[in-house]
Amino acid sequence: MAADSDEMHERLIKSFQPRLRNLIAVQQVLDLLDFVTPDQKERIRQKNTNEGNRAAADALVTAVIQKPHQAGWFRAFVDALEGSGCGYAADYIQNKIPEPEVETENDNCVRLIQILSPSLVDMKVAEVRVHCLSQELITQDDSEIIAAATRNHGAKTGARELLGRIVRGRPGWFSKFLSILLETQHTKLYYELTGGSPDCDNGAAISGRETYVRGVSVLFGTVSNTAELAQHPATGTRLSWTVDGEADDITLRDYQMKVVRPALEGKNIIICLPTGWGKTRAAVYVAKKHLDSRKAAGQTGKVAVLVNKIPLVEQHYSAEFLPFLKPMYKVERVSGASQLKISFVDTLRKNDVIICTAQILENYLDRSRTGEDEGVNLSDLSLIIVDECHHTQKEGVYNEIMVRYLKQKIKNAKLKKEQKPTVPLPQILGLTASPGVGGATKLDKAVEHILRICANLDASKIMTLPPDQLKRDSKKTVKPVEDRKEDPFGDVIKKIMNAIHYHAQLKPNGDLGSQIYEQWVVQMERKAVLEGDHKVRACAEHLRQYNEGLGLSNTIRMWDALNFLNKYHEEEMKNKTTPDEEQVIQITDTERFLFNLFKEYKEELHKLANNPDYENKSLSILRTKILQEFSTRQDARGIVFTKTRRVAIALTQWIQENPKFADLDVKAAYVIGGGDQSVVKPMTAAEQKDVLTKFRSGEVNLLIATSVAEEGLDIPKCNVVIRYGHVGNEISMIQTEGRGRAEDSTYTVVDVKDSGVAEKECVNEYRKDMMNKAIDKIGALKQDAYDKKIQEFQIQAIMEYRLRMKMKQKEDIKNEDPSEVKFSCRGCSQEVCTGEDIEVIEDIHRVNVTPQFRWERTKRKDSLLDYETNGYIVCGKCGQRWGSMMYFRGIQCPSLHVKNFVVAISGKNMPKCSKWTDVPARFSAFDYVAHADQLVESSDEEDA
């Protein structure tokens with residue numbers, strides 16, 4: 001059977017060899033193949049150097065299909081192709097052949113690039129390379145090779161490398177490349193490829209025109225906007241521009257026009273519309289009209305679009321502002337994840353619209369204040385659009401920016417009275433689906449909460465629609481859950497927990513598995529660490545894991561809960577052994593008791609987890625609901641919201657492994673957050689984007705998501721929305737409801753034991769009603785009364801800000817002597833070092849490079865910019881993790897994480913120290929030159 005399969009794979013590879021030689025990047029693929037011998041690799045690399053990539057690709061294919069085959073050779077070859085950016089080649093050898101017309105059109109596009117390469121090599125290769133990497137037309141390795149070619153042999157050589165690599169992509173690369181040429185101001189090259197004229201309607205393509213370029217025929221058609229371009233990856237050459245230099249091309253609905261009208265008059269407002277009602281499109285319209293009016297008046301317009309999450313930067317840029325504002329206006333995006341690592345000040349100076357995370361703008365506003373570096377001022381901007389503006393309160397970054405605005409507004413009023421020139425301030429436009437009620441239980445407090453947000457944004461009014469116009473037809477149901485008649489799996493976990501209570505002589509507070517119990521355990525653990533009671537500390541840590549396992553068994557499969565507990569114990573056991581397994585780190589009697597306790601009951605838990613009769617009722621309700629929706633709808637598309645990343649991943653696996661879901665063509669994928677607060681690996685922005693793209697295309701039709709999908713992310717309309725065991729506040733509920741934008745959509749809340757979601761949903765409905773009444777009440781205020789309240793709250797906001805700053809300044813005063821700061825192991829109380837031994841790298845990493853510092857290391861490696869981490873460092877006595885091993889510019893630096901230590905100052909333990917900023921002492925900066933000299937001297941002594 002395996003031989004037949006190998007023969008079939010060989011035939012496929014041989015039949016497509018003429019095409020593969022053009023699609024394989026030999027050097028990168030070789031690096032990922034482990035079944036090709038080193039001698040073969042060397043010969044193939046030599047051929048690549050002497051005869052070129054095509055000849056080397058033939059040699060590589062010959063080596064791959066050479067017999068005898070190792071087990072899994074074909075899968076390894078496919079993975080190597082995918083991993084090296086040769087996905088189109090991987091498609092062919094897996095017989096995933098494109099339609100003939102798609103294949104022909106893609107070949108024509110490749111030929112077109114080859115014909116016009118003498119012109120294309122004049123591109124600004126560095127800028128185009130960055131955009132190609134961002135659009136995933138090339139890999140990181142490709143980018144580095146192109147950069148090296150440019151650096152060593154010139155821009156034209158780099159451009160040839162870039163062109164040779166993008167044409168290997170899957171169909172659809174050509175349309176992306178055209179967009180990149182437009183974005184990077186290569187208008188002439190763009191028109192050479194499209195056959196158009198620079199005089200043709202500011203980039204509007206001529207519908208249905210077939211262009212012949214030196215014998216190559218390519219059909220170009222007109223579509224509505226660049227967002228549509230992404231939806232036609234197969235054609236690969238459809239242009240997508242409707243921006244007209246004279247006429248307004250953004251059409252708003254009547255209700256959108258109604259809410260933006262005051263903004264068009266230059267007033268500061270908040271637009272409050274539900275998710276999916278076009279707030280962002282309305283903001284684009286306001287931005288365009290604002291820039292148009294400034295231009296007509298001979299004034300410079302600068303628009304800043306502020307968001308609170310990095311993925312939203314790219315989303316607003318690609319889907320909204322770029323398609324509708326270019327080519328008339330220059331649009332750019334900046335975030336911590338941006339490939340363009342250039343000055344924000346220069347970016348602002350060169351562009352009309354900047355989309356960025358609010359923190360970046362705040363950083364540069366602060367630089368301008370301190371004068372330590374080139375910064376920006378609010379007066380440099382003429383319009384600020386604040387997305388998800390309900391976050392403009394308390395200590396949020398939006399509020400930091402707006403307090404600067406309010407302070408200048410008050411100064412301007414004083415300057416005006418003194419008949420002195422005032423400082424211009426930008427217009428403010430806030431966007432939100434719901435301002436919420438801020439935890440209010442009475443209408444007056446809800447009104448106050450919303451007025452404070454209006455005051456913080458200096459909004460003259462909040463624009464929304466009457467509640468009856470905002471109602472949707474979605475059917476909302478709450479599914480309560482009954483207790484299981486039998487829960488032997490949970491009973492065994494509780495039995496283990498009670499045994500631990502007895503061992504440590506603990507008297508628990510709250511029911512096992514409850515939030516109250518969780519809080520009690522955390523308090524016990526913190527107290528034990530401070531007191532050096534390692535028996536209670538170890539027991540409390542294990543109790544926390546069992547409590548989470550109990551909660552998981554009530555939410556997902558018992559099997560998933562058991563896997564979680566099993567993985568925890570395996571990791572704990574690994575921490576008790578050095579990498580070479582020659583030395584077993586000390587295990588206390590309590591730790592031995594805890595390990596043996598789990599080992600004693602593990603088999604029983606395993607048997608119970610395999611019995612479907614004991615599964616929780618919530619999972620059964622969820623299964624029934626999903627099957628019902630997907631069996632009764634022709635085109636079902638849904639989102640299941642849940643509380644944690646672990647549950648989202650487990651639910652996705654559960655659906656993917658269940659044949660009943662497969663029979664109804666339910667295709668699930670998860671979307672989770674990108675932060676590192678959780679022990680579960682976060683999702684990158686690119687991974688989130690990939691899943692949402694598949695959801696948009698229908699390749700995925702059921703998303704399992706954490707709260708990351710509630711706010712902001714551009715998720716296509718759904719007809720099935722389910723809240724599973726998790727309900728947030730009224731803002732979260734309104735945003736979740738807004739995901740069900742399709743007609744005849746349903747919204748279901750599925751309760752989970754001890755979650756209380758059914759009761760919370762009722763509370764949220766009450767708060768939502770209160771919020772709408774509060775907005776109505778604010779709208780009924782006379783302008784004088786409204787303005788007076790706004791002024792009061794603005795003065796109060798400034799006073800509160802000043803108080804916070806004074807408190808922060810006190811906290812930032814780090815006047816403790818580092819020699820008085822002592823660090824002890826959290827696991828065994830062993831003294832580790834003092835503050836005198838700690839040095840700081842780049843204001844981030846606290847390292848101890850003193851020869852007296854002793855530690856053990858576990859295996860693990862991550863490469864970063866100027867440094868790489870190579871394993872964790874742990875206590876050689878008890879195995880407690882202390883931090884990670886860094887190599888900073890060639891120097892080995894043990895980097896410490898303060899949360900893993902007990903910190904004492906002048907002999908007194910600090911009650912809470914979870915981050916380095918909690919330590920009230922300043923440590924010396926890392927002296928790289930001094931340490932490097934010591935390293936060289938010691939090396940010379942060894943050589944001698």
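All of these numbers come straight from a predicted model, not from anything done at the bench.
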Residues R826, E525; criterion salt bridge (charged side-chain N to carboxylate O under 4.0 Å, His left out); working and verdict: CA-CA 11 Å; R826 183 184 178 91; E525 183 183 2; 3.6 Å; yes
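- Ion pairing of E603 with K607 is absent here, as no side-chain N (NZ or NE/NH1/NH2) approaches a carboxylate O to less than 4.0 Å.
- For residues 522-544, the set of pairs meeting the ring pair (Phe, Tyr, Trp, His ring centres under 6.0 Å) definition, not counting sequence neighbours, comprises H542-Y568, H542-H569.
- Classified by interplanar angle (parallel below 30°, tilted 30° to 60°, perpendicular above 60°), the ring pair F901/F823 is perpendicular.
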Working for side chain to side chain donor-acceptor pair (under 3.5 Å), residues S434 and E730: CA-CA 8 Å; S434 163; E730 71 281 3; 5.9 Å; no
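- In this structure a side-chain-to-backbone donor-acceptor pair under 3.5 Å is missing from N658 to W654.
- Residues V721 and S745 are not in side-chain contact: their nearest non-hydrogen atoms beyond the backbone lie 4.5 Å or more apart.
- No more than 12 heavy atoms of other residues, nucleotides or ligands shown are found within 6.0 angstrom of CD on E831.
- Proximity of a side-chain donor or acceptor of R526 to a complementary backbone N or O of M524 within less than 3.5 Å is not detected.
- A salt bridge is defined here as a Lys NZ or Arg NE, NH1 or NH2 lying under 4.0 Å from an Asp or Glu carboxylate O, and D491 with K495 fails to meet this definition.
- Using modelled atom types, no side-chain atom of N547 and backbone atom of L543 make a donor-acceptor pair closer than 3.5 Å.
- Residues A705 and I639 come closest through the heavy atom pair CB-CG2, 4.3 Å.
- Between the OG1 atom in T624 and the NZ atom in K479 there is a gap of 8.5 Å [rounded to 0.5 Å].
- Atom CD of E570 sits in a crowded spot, with more than 12 heavy atoms from other residues, nucleotides or ligands closer than 6.0 Å.
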Side chain to side chain contact (heavy atoms under 4.5 Å, CB included) evaluation trace for L608 with E604: CA-CA 6 Å; L608 292 169; E604 185 177 356; 4.3 Å; yes
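- For R637 and F695, the positive end sits near the middle of the six-membered ring, less than 6.0 Å away and at most 45° from its axis.
- Residues M886 and S895 approach most closely at SD-CB, 3.8 Å, considering heavy atoms.
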Derivation of the side chain to side chain contact (heavy atoms under 4.5 Å, CB included) call for V671 and T706: CA-CA 7 Å; V671 176; T706 55; over 6 Å; no
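- Under a 3.5 Å cut-off, the side chain of D918 and the backbone N or O of S914 do form a donor-acceptor pair.
- Heavy-atom minimum distance, L594 versus A538: CD1-O, 3.7 Å.
- Enclosure of atom OH in Y670 is not indicated, since only 12 or fewer non-hydrogen atoms of other residues, nucleotides or ligands lie within 6.0 angstrom.
- Crowding of L32 atom CG: a count of heavy atoms from other residues, nucleotides or ligands under 6.0 Å exceeding 12.
- Remark: the backbone N or O of G728 is paired with a side-chain donor or acceptor of N764 at under 3.5 angstrom.
- N616 has its side chain out of reach of I556: every pair of non-hydrogen atoms, C-beta onward, lies at least 4.5 Å apart.
- With rounding to the nearest 0.5 angstrom, the CG atom of N308 is 4.5 Å from the NE2 atom of H391.
- The minimum heavy-atom distance linking C913 with V919 is given by the pair SG-CG2, 3.5 Å.
- K625 NZ: more than 12 foreign heavy atoms inside a 6.0 Å radius.
- Between Y724 and T748 there is no side-chain heavy-atom pair separated by less than 4.5 Å.
- Within a 6.0 Å radius of NZ in K899, no more than 12 heavy atoms belonging to other residues, nucleotides or ligands are found.
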From CA spacing to verdict: side chain to side chain contact (heavy atoms under 4.5 Å, CB included), L597, I500: CA-CA 9 Å; L597 188 63; I500 297 173; 3.6 Å; yes
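- For C833 against N848, the heavy-atom pair with the smallest separation is CB-ND2, 3.4 Å.
- Taking 4.0 Å as the cut-off between side-chain N and carboxylate O, K567 and E571 do not count as a salt-bridged pair.
- Between E518 and R544, at least one side-chain N (NZ, or NE/NH1/NH2) sits under 4.0 Å from a carboxylate O, which counts as a salt bridge.
- Look at R557 and E657 and you find a salt bridge, because one of the NZ, NE, NH1 or NH2 atoms lies within 4.0 Å of a carboxylate O, short of that distance.
- Here the side chain of Q653 pairs no donor or acceptor atom with the backbone of A650 at under 3.5 angstrom.
- Under the 6.0 Å distance and 45° angle rule, R723 counts as a cation-pi partner of F641.
- Between K309 and E388, no side-chain nitrogen of the basic residue sits less than 4.0 Å from a carboxylate oxygen of the acidic one, so the salt-bridge criterion is not met.
- Distance CG/L512 to CD1/I493: 10.5 Å, rounded to 0.5 Å.
- By the 4.5 Å heavy-atom criterion applied to side chains, I672 and T644 are not counted as neighbours.
- Counting only heavy atoms from C-beta outward, the side chains of Q830 and S824 never approach each other to under 4.5 Å.
- Under the 4.0 Å criterion applied to side-chain N and carboxylate O atoms, R646 and E548 are assigned as salt-bridge partners.
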Steps toward side chain to side chain contact (heavy atoms under 4.5 Å, CB included) verdict (L692, E687): CA-CA 9 Å; L692 295 180; E687 289 170 334; over 6 Å; no
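- Using modelled atom types and a 3.5 Å distance limit, the side chains of T746 and E629 yield a donor-acceptor pair.
- Contact check for V522 versus Y517: no side-chain heavy atoms found under the 4.5 Å cut-off.
- Under the 3.5 Å distance criterion, the side-chain polar atoms of N701 are matched with a main-chain donor or acceptor of K667.
- Considering only heavy atoms from C-beta on, K753 stays 4.5 Å or farther from K617 through its side chain.
- Here CG of L506 is found 11.0 Å from CG of N498. Values are rounded to the nearest 0.5 Å.
- Here D690 pairs with K694 in a salt bridge; the nearest charged N to carboxylate O distance falls below 4.0 Å.
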Full working for side chain to side chain donor-acceptor pair (under 3.5 Å) between K602 and N566: CA-CA 8 Å; K602 183 178 175 180; N566 196 47; 2.9 Å; yes
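- Taking all atoms of both residues into account, the shortest heavy-atom contact from K660 to L627 is O-CD2, 3.8 Å.
- Between the S514 side chain and the G510 main chain, no donor and acceptor come within less than 3.5 Å of each other.
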Step-by-step salt bridge (charged side-chain N to carboxylate O under 4.0 Å, His left out) determination, R75 to D79: CA-CA 6 Å; R75 184 70 254 170; D79 291 344; 3.2 Å; yes
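- Side-chain atoms of R537 come within 3.5 Å of backbone atoms of G827 as a donor-acceptor pair (strictly under, hydrogens ignored).
- Inter-residue side-chain proximity for F489 and K494 is flagged as unmet; no heavy-atom pair is nearer than 4.5 Å.
- Looking only at distances, no side-chain donor or acceptor of T652 sits under 3.5 Å from a matching main-chain atom of A668.
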Stepwise ring pair (Phe, Tyr, Trp, His ring centres under 6.0 Å) check, W559 with H606: CA-CA 8 Å; W559 188 252; H606 189 280; 4.9 Å; yes
